[in-house]
Amino acid sequence: MTNERYNARDAEQRWQRIWDDRAIFTTVNDDPRPKYYVLEMFPYPSGRIHMGHVRNYTMGDVVARYKRARGFNVLHPMGWDAFGMPAENAAMANKVHPKNWTYENIATMKAQLRSMGLSLDWSREVATCDPSYYKHQQRMFLDFLEAGLVERKKSKVNWDPVDQTVLANEQVIDGRGWRSGALVEQRELVQWFFKISDYSEELLAALDTLDRWPDKVRTMQRNWIGRSEGLLIRFALDAASTTTAAREVEVFTTRPDTLFGAKFVALSPDHPLANDVAKTNPALAAFIEECRRTGTAQAAIDTAEKQGFDTGIRAVHPLDPSWTLPVYVANFVLMDYGTGAIFGCPAHDQRDLDFVNKYGLGNIPVVCPEGQDPKTFVITDTAYDGDGRMINSRFLDGLTIADAKEQVASRLENEKLAGHPVAKRQVNFRLRDWGISRQRYWGCPIPIIHCDDCGSVPVPVKDLPVQLPDDIEFDRPGNPLDRHATWRNVPCPQCGKPGRRETDTMDTFVDSSWYFARFTDPTLTDAPTDRAVADAWMPVNQYIGGVEHAILHLLYSRFFTRAMKATGHIGLDEPFAGLFTQGMVVHETYRKADGTFVFPADIRIEADGDSRRAILIATGEPITIGSIEKMSKSKRNTVDPDDIIATYGADTARWFMLSDSPPDRDVIWSEERVQGASRFVQRLWRLVNDAAEAGKNRPAGRPNAFGEDALAIRKAAHGALDKVSGGIEKLHFNVCLAHIREFSNTFAEVLGKVTAGEVTPDLAWAAHEAAVILVSLFQPMMPHLAEECWAALGETGLVSEAAWPTLEPELLVEDTITLPVQVNGRKRADVTVGRNAASGEIEAAVLALDEVKRALNGAAPRKIIVVPQRIVNVVA
RNA sequence: GCGGGCGUGGCGAAAUGGUAGACGCAAGGGACUUAAAAUCCCUCGGCGCGUGAGCGCUGUGCCGGUUCGAGUCCGGCCGCCCGCACCA
């Protein structure tokens with residue numbers, strides 16, 4: 001029995017130094033063992049790590065340490081997603097250079113991560129803001145350009161007025177910038193694009209192969225890519241009704257079956273035909289102008305009422321030349337999806353129904369739900385978009401929707417308008433190309449020089465990297481690169497005349513789209529990757545991060561990997577074979593009487609019978625305990641990892657992060673439970689020391705027979721070993737930890753029964769074996785404590801380098817088993833039988849039980865169900 | 001509106017269709033102690049019966065179904081959370 005408490009602060013620093021000195025987590029590329037690549041999403045160097053990082057990196061570390069023990073050559077690197085806006089904001093606010101701000105933050109956070117005891121290979125550290133990293137990104141930009149995967153075009157973009165930069169569609173959330181929260185406006189700008197839409201079909205199809213991704217993420221990506229099959233249909237325009245040269249308009253529809261229910265054709269306000277007509281129609285011009293004005297903010301578009309303007313033009317129905325439809329310009333038709341024009345079938349589309357109800361155009365139902373009488377089926381306020389049979393549709397009547405679609409498609413494909421087919425089948429995607437231009441300084445420069453004669457000329461590869469200038473000013477809004485004459489004004493690499501550098505930098509999501517590949521050979525100078533090395537390590541076996549990146553980062557990375565493959569930098573399509581999205585860390589909120597939030601560290605909780613109250617330590621004033629929310633600076637419900645590590649040690653923090661909730665669910669940070677974790681650390685320390693004492697005089701060789709106590713310990717140890725091994729593989733950390741606790745309870749109970757003098761040789765041997773297993777099992781979660789215990793047990797070497805214990809499966813099998821006995825599904829008794837008892841034998845034993853006899857009341861059972869090794873159910 | 005997930009004690013949770021509540025937190029009781037901390041032991045879903053060991057009933061949001069047996073599978077509701085949202 002040791003009376004000494006485990007001193008985490010001392011032990012943790014000590015073991016971290018030893019791991020460092022021996023470089024045990026440095027991974028060698030040509031190691032012959034099977035590889036395992038585990039990666040957590042690298043952090044933005046915002047200044048300090050937060051509890052979300054602690055949770056994320058603890059999970060990854062458990063996997064890394066477990067796989068290492070299992071004999072894999074584990075790659076577990078870390079780096080910094082180091083470009084981005086906050087560095088520039090800090091530069092403006094505090095007059096610090098973004099570079100200095102970023103590197104200082106990296107130094108701080110790296111020290112914090114080290115204090116967590118993560119088994120990271122720091123020799124592979126990369127920072128995306130380092131020219132040695134972004135040089136290769138510029139190289140790949142040029143490769144992609146050559147491969148036709150980059151495009152420069154004028155485009156309507158999402159403009160964030162606060163950050164003064166462009167956002168990709170994925171970066172606009174509820175009409176607001178994902179970072180600033182500002183209402184996003186629409187602007188026209190010339191932008192660089194990655195042609196992610198070239199891969200729409202592939203990115204969608206390959207989701208089916210990602211069977212180790214959460215369904216939720218795959219569904220989100222599927223919806224985002226938004227594939228829809230439909231028909232392009234050309235409507236002839238009635239010449240008499242038009243004032244322009246256009247003789248037709250093309251629409252896209254997924255519901256050609258509803259063509260006989262058509263009531264109008266509508267054009268986007270940005271449609272060329274609409275603008276053409278507007279030239280001679282001032283009222284229409286005013287309407288279009290109105291649409292554009294209300295339409296600058298995305299939020300306004302989403303909530304605007306449906307409005308239209310009748311152009312007076314009539315479109316000829318493609319299936320009936322004598323039938324014409326009015327052509328409207330309508331505010332709800334999007335220019336950048338399909339053709340920017342639609343036909344409206346109000347009975348079966350809510351938007352169209354809202355529209356006709358406003359303009360009194362009426363509707364005709366053409367799909368009748370099963371069981372409805374077509375004669376009485378009417379649509380008033382709610383469009384019907386379900387299944388049914390065609391009605392009011394001439395040659396389509398009675399067909400299913402699918403058959404009707406097919407009929408219309410094949411008929412119109414073969415009809416001609418002005419010498420070309422009236423219709424064409426087409427697959428449309430919602431996914432747009434990825435606009436990567438950002439009007440910022442602190443990002444990867446786009447390696448292009450604009451020349452009046454030669455156009456946009458790539459910077460020659462030998463001149464890379466295009467390095468960011470250090471001498472910049474943040475005294476005015478906008479991009480300082482625009483104002484940096486000596487950086488900006490350079491000769492054209494092609495003709496030598498004066499040219500101008502591209503001053504836009506790349507979206508920082510580009511930086512994070514390939515860092516996982518760079519980690520495989522991070523010091524390579526002449527290429528982004530060594531193809532063979534990258535192919536050997538990739539894909540990442542287990543990627544762990546927040547679900548907030550379900551679309552943005554993960555979709556971009558999937559595209560980028562394909563683009564790298566197309567340009568010869570890597571040999572695979574999918575970067576992440578396994579993905580796990582962990583839940584958030586949440587915490588209670590605390591408010592003063594005036595409503596302002598206070599930090600958990602500034603209050604004290606007092607238990608008051610069943611209720612709890614909070615008091616501000618400094619003043620003693622009462623504090624209201626509020627709802628549980630995601631930890632955030634604004635709500636001041638954050639807990640600083642440094643404080644926790646200083647108070648309890650990293651192992652306690654790590655254990656708590658894993659123990660309290662399933663890893664994919666939110667975990668509530670609670671001081672009481674952290675103390676519970678801390679108590680367990682001490683408990684383990686005492687237990688292992690007791691076991692060391694008990695095992696002191698153990699025999700050198702394994703005893704031939706074990707007594708009851710020794711056997712109990714061995715069964716508990718191997719049972720836990722079995723369950724924890726399987727649990728880590730499935731990332732069921734909380735359950736693993738429960739099994740470790742259960743085992744330690746049994747172990748402590750048995751050891752508590754015997755006093756030192758009574759330890760038999762078999763028990764001594766078993767106690768030592770169990771202690772070794774115990775320490776090995778919690779080593780992935782609490783590595784420092786594990787090392788300390790390992791040493792206390794007199795084991796040689798480091799437990800961080802030790803092999804996972806070997807399971808003895810025969811210990812998991814009992815000679816006799818106790819089966820629950822049910823009568824009519826209700827548990828009445830237990831029966832103990834031999835492991836391999838025959839059904840008949842078990843039935844006899846069950847029928848002999850008093851409880852069963854009583855329940856049967858003398859009658860014979862109708863049936864007895866014996867589920868081997870599980871349960872017996874007697875049906876009366 | 002569309003899509004997805006979830007609903008189990010006072011709380012966090014566990015449970016290949018097979019003993020619901022493992023493991024922990026909080027709480028209550030006790031031991032040790034001059035005292036406290038630490039530690040150890042006991043109780044802990046609800047209702048009822050019994051002096052007691054114990055026993056009975058009931059219980060996984062609600063209603064139904066499948067099954068010898070349902071927290072788990074199916075159908076229909078209710079509630080909460082998340083994602084997408086004029087994508088034709």
Exercise. Under the salt bridge (Lys or Arg N to Asp or Glu O under 4.0 Å) rule, what pairs show up with a residue in residues 862-876 of chain A, not counting sequence neighbours?
Worked result: none
Exercise. So what does Gly676(A) touch, heavy atoms closer than 4.0 Å: a base, only the sugar-phosphate, or nothing?
Worked result: sugar-phosphate
Problem set entry | Pair Gln350(A), Asp354(A): side-chain N/O donor-acceptor within cut-off below 3.5 Å | yes
Can you pull every protein N or O that's under 3.5 Å from an N or O on nucleotides 58-60 of chain B?
from, atom 1, to, atom 2, distance (Å)
U58(B), OP2, Arg826(A), NH1, 2.5

For this session: State which of C84(B), C23(B), A88(B) makes the closest approach to the side chain of Asn745(A).
Result: C23(B)
Exercise. Closer to the 5' end of RNA chain B via nearest nucleotide, is it Asp336(A) or Val872(A)?
Worked result: Val872(A)
For this session: Using the P atoms only, state how far G28(B) lies from A38(B), rounded to an integer number of Å.
Result: 14 Å
For this session: Answer with base, sugar-phosphate or nothing: what part of the nucleic acid does Ser670(A) contact at a heavy-atom distance below 4.0 Å?
Result: nothing
Exercise. Mapping Gln822(A) and Asn223(A) to their closest nucleotides on RNA chain B, which lands nearer the 5' end?
Worked result: Asn223(A)
Seminar exercise, completed: Its contact letters, B for base, S for sugar-phosphate only and - for none at protein heavy atoms under 4.0 Å, make nucleotides 4-16 of chain B read -------BBSS-B
Problem set entry | Asp349(A): partners by side-chain hydrogen bond (donor to acceptor under 3.5 Å, both in side chains), with sequence neighbours left out | Arg351(A)
For this session: Give Arg222(A) one of three labels, base, sugar-phosphate or nothing, depending on what nucleic acid heavy atoms sit under 4.0 Å from its own.
Result: nothing
For this session: Could you work out the separation of A36(B) and G29(B) based on their P atoms and round it to a whole Å?
Result: 14 Å
Problem set entry | G30(B) and C80(B), which share atom name C1', separated by this distance in whole Å | 42 Å
Problem set entry | Given A85(B), G18(B), G24(B), the nucleotide with the shortest approach to the side chain of Trp224(A) | A85(B)
Exercise. Roughly how far apart, to the nearest Å, are G9(B) and G59(B) at atom P?
Worked result: 14 Å
Seminar exercise, completed: The nucleotide from C23(B), C86(B), C68(B) with an atom nearest the side chain of Arg741(A) is C23(B)
Exercise. Is a donor-acceptor pair below 3.5 Å formed from side chain Asn873(A) to base C68(B), judging by atom type as modelled?
Worked result: yes
For this session: Would you kindly say whether Asn637(A) and Thr589(A) are connected by a side-chain donor-acceptor distance under 3.5 Å?
Result: no
For this session: Only counting residues at least two apart or in another chain, list the ones meeting salt bridge (charged side-chain N to carboxylate O under 4.0 Å, His left out) with Lys263(A).
Result: none
Problem set entry | Nearest-Å distance once atom P is located in both U67(B) and A85(B) | 45 Å
Problem set entry | Nucleotide of G69(B), A88(B), G24(B) approaching Phe252(A) most closely (side-chain heavy atoms) | A88(B)
For this session: Pick the P atom in G56(B) and in U66(B), then give their distance to the nearest Å.
Result: 28 Å
Problem set entry | C1' gap between A14(B) and A20(B), integer Å | 10 Å
Exercise. Just the dot-bracket of RNA chain B, please: which string comes out with Watson-Crick or G-U pairs under 3.5 Å, [ ] for crossing, | for another strand?
Worked result: (((((((..(((.....[....))).(((((.......))))).(((((....)))))..(((((..]....))))))))))))....
